[in-house]
Amino acid sequence: MTKIDPEPLVALPTETVVTGRPPARRQPNPFRKPLTSIIRHALLIALAALMLYPVIWMVVSSLRPNDEIFREPGIVFDSFEISNYTDGWTALQYPFNVYLWNSAVIVAGCIAGNLISCSMAAYAFARLEFTAKRLWFGIMLLSIMLPIHVIIVPQYILFSQLGWVNTFLPLIVPKLLAVDAFFVFLMVQFIRGIPKELDEAARIDGAGHPRIFLQVILPLMTPALATTAIFTFIWTWNDFFSQLVFLTKPELYTVPLALRSFEDAQSVTNYAQMFAMSVVSLVPIFLIFLFGQKFLIKGIATTGIK
């Protein structure tokens, strides 16, 4: 005879045994998730306000009279002085648009130099095979830790002998030699994430390394190129030390040097006009970051992913 196994005993909740009805399910608290979201957003807003307070204070101070800037530390307007912008524009030896143009020329040259030279160097490290490749790549990475104060004196001596001091050449020409190792490393990591099958397919069609680089690799490097352009713009636009060393003529001053010229040790410094021109100098950086934010995030997020 076939034995029939008895049904396994299932332990019933106490409530089921006593009342004969299954226990009621706990209902989730409908206010828990919205409350957590509100607290999280409130903390983010508070941190954002804390970080943006110095910028907001500078904007407010640029619209105050000079004698009230440090008397009132808050951001509430007591008076509205729009003349700080018009007077600050012509307060120095040359109009402020001259300094904006000088900075724009240097930034454009540095961006073009970094995009061309760093992308070519990155392709060589990522795709080509040559003697002591790992050694040269390591030396390139070590140069990231080399501070500019170590090399600025030899650079000044070299550029002075070439007659490049008081020109834009010392600030632009080195960028054509892939001296920014950070951007080379950034692009190397990005190119390594591109499948090599694309190179092999192009090589079957008769393409060499120049054509593969220009028509296959370079179009796929848009996020990395955009990240390089944005960082180069910000770092060059805000650079003060290098421009102070190589540019001594007032007509060649850039925005950071012009802002420094508002401070005078022998007379009263007009901080209101200096803050007004500082706000003007921040507008290009804000616009670049605003319109290039998605490329910047994509370039950083996709670099190094293997």
Side-chain angles (χ1 to χ4, degrees), residues 38-108 110 148-149 171 230-293 296:
I38 292 174
I39 294 176
R40 186 185 299 112
H41 283 80
L43 290 176
L44 291 175
I45 293 174
L47 291 175
L50 182 63
M51 291 185 293
L52 290 176
Y53 182 82
V55 179
I56 298 174
W57 183 84
M58 183 180 67
V59 174
V60 173
S61 298
S62 68
L63 297 171
R64 285 175 171 171
N66 191 52
D67 56 349
E68 295 182 5
I69 291 179
F70 299 105
R71 187 189 308 170
E72 298 291 338
I75 56 175
V76 180
F77 283 104
D78 294 331
S79 58
F80 195 81
E81 292 288 340
I82 195 65
S83 61
N84 291 333
Y85 285 85
T86 57
D87 295 340
W89 192 271
T90 57
L92 301 178
Q93 184 175 354
Y94 297 91
F96 203 76
N97 61 285
V98 174
Y99 312 119
L100 291 173
W101 173 254
N102 293 338
S103 291
V105 171
I106 295 175
V107 165
C110 291
I148 188 175
H149 308 85
L171 303 171
I230 293 172
F231 275 118
T232 302
F233 180 91
I234 295 175
W235 293 349
T236 307
W237 188 269
N238 293 330
D239 182 28
F240 175 78
F241 183 72
S242 299
Q243 298 170 6
L244 178 65
V245 171
F246 295 113
L247 303 177
T248 59
K249 294 182 179 179
E251 63 268 19
L252 298 176
Y253 278 3
T254 56
V255 170
L257 300 181
L259 293 177
R260 177 62 180 82
S261 301
F262 278 98
E263 295 188 16
D264 191 350
Q266 298 179 354
S267 62
V268 178
T269 301
N270 195 317
Y271 289 101
Q273 296 180 4
M274 183 176 66
F275 289 153
M277 294 301 100
S278 299
V279 173
V280 173
S281 67
L282 285 178
V283 172
I285 298 178
F286 176 77
L287 294 177
I288 289 294
F289 185 81
L290 179 64
F291 292 105
Q293 182 180 8
L296 180 64

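This structure is a prediction, so every number in the text was calculated from the model and none was measured. Computation of the quantities below employed the complete heavy-atom set of this structure, encompassing side-chain atoms and omitting hydrogens, waters and symmetry-equivalent molecules.
For the atom pair CD1 of Ile285 and CD1 of Ile230, the computed distance is 12.5 Å after rounding to the nearest 0.5 Å. Atom CG in Leu252 sits 10.0 Å away from atom CG in Leu171 (nearest 0.5 Å). Between atom CE of residue Met277 and atom CG of residue Leu100 there is a gap of 8.5 Å, rounded to the nearest 0.5 Å. Taken to the nearest 0.5 Å, the CD atom of Glu81 stands 9.0 Å off from the CG atom of Asp87.
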Please tabulate, for side-chain N and O atoms in residues 43-57, each donor-acceptor pair with protein atoms closer than 3.5 Å (sequence neighbours left out).
{"residue": "Tyr53", "atom": "OH", "partner": "Pro73", "partner atom": "O", "Å": "3.0"}
{"residue": "Trp57", "atom": "NE1", "partner": "Pro73", "partner atom": "O", "Å": "3.4"}

Pairs of donor and acceptor atoms involving the side chains of residues 238-248, under 3.5 Å and at least two apart or interchain, shall be tabulated with distances.
{"residue": "Asn238", "atom": "ND2", "partner": "Ile234", "partner atom": "O", "Å": "3.2"}
{"residue": "Gln243", "atom": "OE1", "partner": "Thr254", "partner atom": "OG1", "Å": "2.2"}
{"residue": "Gln243", "atom": "NE2", "partner": "Thr236", "partner atom": "O", "Å": "3.2"}
{"residue": "Gln243", "atom": "NE2", "partner": "Asp239", "partner atom": "O", "Å": "3.4"}
{"residue": "Thr248", "atom": "OG1", "partner": "Asn166", "partner atom": "OD1", "Å": "2.8"}
{"residue": "Thr248", "atom": "OG1", "partner": "Asn166", "partner atom": "ND2", "Å": "3.0"}

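For the residue pair Ala104 and Trp237, the shortest heavy atom distance occurs at N-CZ3, 4.0 Å. In terms of heavy-atom proximity, Ser103 sits nearest to Val255 at OG-N, 2.9 Å.
Counting heavy atoms from C-beta on, the side chains of Glu263 and Met274 come closer than 4.5 Å. Taking the side chain as every heavy atom from C-beta outward, Pro284 and Phe233 approach each other to under 4.5 Å. No side-chain heavy atom of Phe275 sits under 4.5 Å from any side-chain heavy atom of Asn84. In this structure the side chain of Phe262 never reaches within 4.5 angstrom of the side chain of Tyr271, judged on heavy atoms.
The aromatic rings of Tyr99 and Phe96 stand perpendicular to each other, their planes meeting at an angle above 60°, with 30° marking the opposite boundary.
Here the side chain of Ser61 pairs no donor or acceptor atom with the backbone of Met58 at under 3.5 angstrom. Remark: the backbone N or O of Asn270 is not paired with any side-chain donor or acceptor of Asn66 at under 3.5 angstrom. Checked by atom type and distance alone, the side chain of Asn102 pairs as donor or acceptor with a backbone atom of Glu251 at under 3.5 Å. One N or O on the side chain of Ser62 and one on the backbone of Val59 form a donor-acceptor pair closer than 3.5 Å.
In this structure, the ring of Tyr85 has its center no less than 6.0 angstrom from the ring center of Trp89.
Residue Trp101 places its CH2 atom among 12 or fewer non-hydrogen atoms of other residues, nucleotides or ligands, all under 6.0 Å distant.
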Hey, mind stepping through Tyr253 and Tyr94 against ring-ring contact (aromatic ring centres under 6.0 Å, His included) and telling me if it holds? CA-CA 10 Å; Tyr253 278 3; Tyr94 297 91; 8.9 Å; no
